[in-house]
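Residue numbers begin at 1 in each chain, while the letters A, B, ... track the order of the sequences.
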Amino acid sequence: MIAAVKSKTVLTAVGLLLILGGQPRGADEKSAGLPEAVRIELLRLEETYHVLDHTAAKVWPGWTNYRDFPFRFSFENGLRVLVGHPSPPQGYALAADITVDGKPVYVDARRVEPLRLEQPLYAGGGISSLGRVNEKPIPLIDMTLGRSRPREEAGGRRFQTETSILTYIHELFHCFQEDHIRISYPNFRYNPDTLFASYSEIEGTALEKAYGAGGPEEAKRYLKDFLLARKLKRKGMPEFDARCESGDEVREGTAVYAEVRSLEALAAGYTPRLTTAQDPFYRGFAELGALLRVYWARLDKRKALTYSYLKGYEYGCYQALLLERLFPGWQKPFSESAGLLDEELAARIVPDAEDERQAPRRFEKVYGFSRIRARHAKAVRERDAAYQSISSRQGRSYIVSFKPIRQFASALVDPRKKRYEVGLMNILPAGAGTVKTDDIEIRFGKVPAEINQLYYFKVVDTGWRARKAPYAIRYEAKEAGDIYTKVTLTTPLFELKAPRIRITEEPSRVKIRILSRVS
Amino acid sequence: MNKAMACFLISLGILSAGGSALADTRAVVESTRIYMDQETKVTLEYWIARDRSLRTSPGRATITRDDLGLVWNLDLNAKSYTESVLRKPASPPPRPKPDMRKLWQDFYEPDYSWTIKDTGARKTVNGFDCREFRAAGEADFAEISASYWICLTPGLPGGKTFHDHFLGQYRGDSRLAALLKLLEENPGSLCAYREEAVENSIAPAVRSHTELKKLEEAEAPPGTYEIPAGFRKVEARGDR
């Protein structure tokens, strides 16, 4: 047995890996080269297959293809690990001494920087493709592993490996959808007005009440409320947008449903393969109740938000859970008909004219509609004012890009800061405060800031004409292409310290790209 | 050549709807795109006449009929096509107050500001004598760096037609504004080779190079600018 090596840099690790070679071993055996944090992540993927062996058939009839899709893990230090790919592109080297569930592992260490990887690492990602076989693109589950927890969970629960396994189940279910659940509409993109937000909250509460109901008739009563609220919500919406919203509920809702149903299926008994000794963050799904309550808590929290794109995840999931509970056997025809979850419910639970007539009174009495509407009206007014205010700022723009290090900007901002969402724009009327990650720190002044396109901060200096220079800079070294090392950059609106940046300066715009996390 | 393409070209031959008596311009362009470690090579063939054009790529063809004000997009494998109206780009009407609900529906369209530099370098690309210009485009959340090898030789067969066609196709496209400016400043000029690296706002970077392999004047096969027999019309995405 080759002893495990903890190396400071993955470059060293991969070098060792390639030199040592040896017989392929499962991820549960110590790999000589890969950092411990990476090895643990691969063990989690292996455990995911083991969980699905127990649950997939109970999640959706015919779900057997969960071993068929390659994974790519991209780590914060730039290391990329490809699992089970039939034809890895150039740059990936076979890790000869490790496999995951018998699948080969390939490593791309060309863009690694000396950042030590440590668990816990939060997994997020989606489906893309990489390479082709017989002219067909090879689907790929593309995961990014980072230390930043999702913003909604900041300050919340401690990390559990089970969450990563459930994320992998979610993504694998998206792959299953490709051939088994047709979704004909693109992503829903719509900024809510007061009407939309108010009825959307009624929908969420109605789903909650239906799921918590004492019996099927009571559940159906609340599902009628859900359907009637949806009808009222969509009165002013184009038909196409409405169908996109329902399409997202199928796309994401059934993938969340796969997570919840997996947890429910594990309640029948499960013997984990992955041990706490191998992964100290794993409890072998011993706390199923607590894990299930997370979904309920998310529904409860998101339903009341004036806007959250993520609402569709829980709304879709709970529609599917209620279909399963009230109308078992719904899935097969649903798969065949390219249906929408709300249409499935509407086909089985039909509000009559009297229900419709009574709906406004019932929404007031049961849900407190006026109070809900007043709250959302205020939030929408504030959002619109914030948008108008930030859009009208004229002057010199400063843009700080975290894209080169693949860091989402919004994850760096204190979650208690007031912000408004308009599509992919986050508006921070009172500024972004101090943001810090690794050796990077930016202290923003109290000027309105914008996060846009996931990776960028933007602030505008309206008094720029009176200033002699857009910034002052101190640095240790300068390279060609306006690249600076160990920098302190002082502008009228913020001070930035970073290990390595590139600056592009135009009369009305200064762009700063963060090139490295650590010195 | 795949079966669909062969079938398409045979159909063109059978359907002689009266080609132009004058020589048209034929161009062959090869393009390679690298995105997320994946390399995709495409060969495009152009036929260009005074008021119509055809562009074919594997499995697809686009016929533009200026005379009819129509564009047909053909799926050569499915033997189907969509039809859309050829619109002149119009300046957007002033909108005093945006509809907040719809703001998200517009994807981010970078508006690049460009700097162009004549490097003074010269080389011959597929018989075209070229001069290199480098350009950098900066937008708030995206950037492009490009190298353009421009052939400034006047009077090449098909040169003016291809020049005008390129300008007509891409005028107003911020991603190509630097190249368009270079071409506009040099009537009849051609871009024989270009390399571009596009750092998108969210998606990973795209690298590409595009090469003009052949440019000639020739008589287009009969029916080049017509919908081949047996193709059925389908609804375009978004026509709802």
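- Comment: B/E138 does not engage A/R509 in a salt bridge, judged by the lack of any side-chain N to carboxylate O separation of less than 4.0 angstrom.
- The shortest heavy-atom contact between B/I202 and A/Y455 is O-CE1, 3.8 Å.
- The contact between B/A142 and chain A is made entirely by backbone atoms, counting heavy-atom distances below 4.5 Å.
- Proximity to chain B (any heavy atom under 4.5 Å) is shown, for A/N187, by neither the backbone nor the side chain.
- Of all heavy-atom pairs spanning B/Q38 and A/L130, the tightest one is OE1-CA, 3.0 Å.
- With a 4.5 Å cut-off on side-chain heavy atoms, B/F141 and A/K458 count as touching.
- More than 12 heavy atoms of other shown residues, nucleotides or ligands fall within 6.0 angstrom of atom NZ in B/K123.
- Interface remark: A/Y92 contributes side-chain atoms only to the contact with chain B (heavy atom separation under 4.5 Å).
- Checked for salt-bridge contact, B/E143 and A/R502 meet the test: a charged N lies under 4.0 Å from a carboxylate O.
- Interatomic distance, CG of B/N200 versus CD of A/Q453, reported as 10.0 Å (0.5 Å rounding).
- Counting non-hydrogen atoms of neighbouring residues, nucleotides and ligands closer than 6.0 angstrom, the CZ atom of A/R406 exceeds 12 such neighbours.
- The number of heavy-atom neighbours closer than 6.0 Å to CZ of A/R182, taken from other residues, nucleotides and ligands shown, is 12 or below.
- Contact of A/S401 with chain B is not made at all, since no heavy-atom distance falls under 4.5 Å.
- Here the side chains of B/E39 and A/Q90 are not in contact, with every heavy-atom distance at 4.5 Å or above.
- Residue A/S129 touches chain B through both its backbone and its side chain, counting heavy-atom pairs closer than 4.5 Å.
- Of the two parts of A/R243, neither the backbone nor the side chain holds a non-hydrogen atom closer than 4.5 Å to a non-hydrogen atom of chain B.
- Residue contact with chain B, scored on non-hydrogen atoms closer than 4.5 Å, involves the side chain of A/E506 exclusively.
- Around atom CZ of B/R207, no more than 12 heavy atoms belonging to other residues, nucleotides or ligands sit under 6.0 Å away.
- By the neighbour-count criterion of 12 heavy atoms within 6.0 Å, atom CZ of B/R134 is sparsely surrounded, having that number or fewer from other residues, nucleotides or ligands.
- In this structure, CE on B/M36 lies 5.0 Å from CZ on A/R72, to the nearest 0.5 angstrom.
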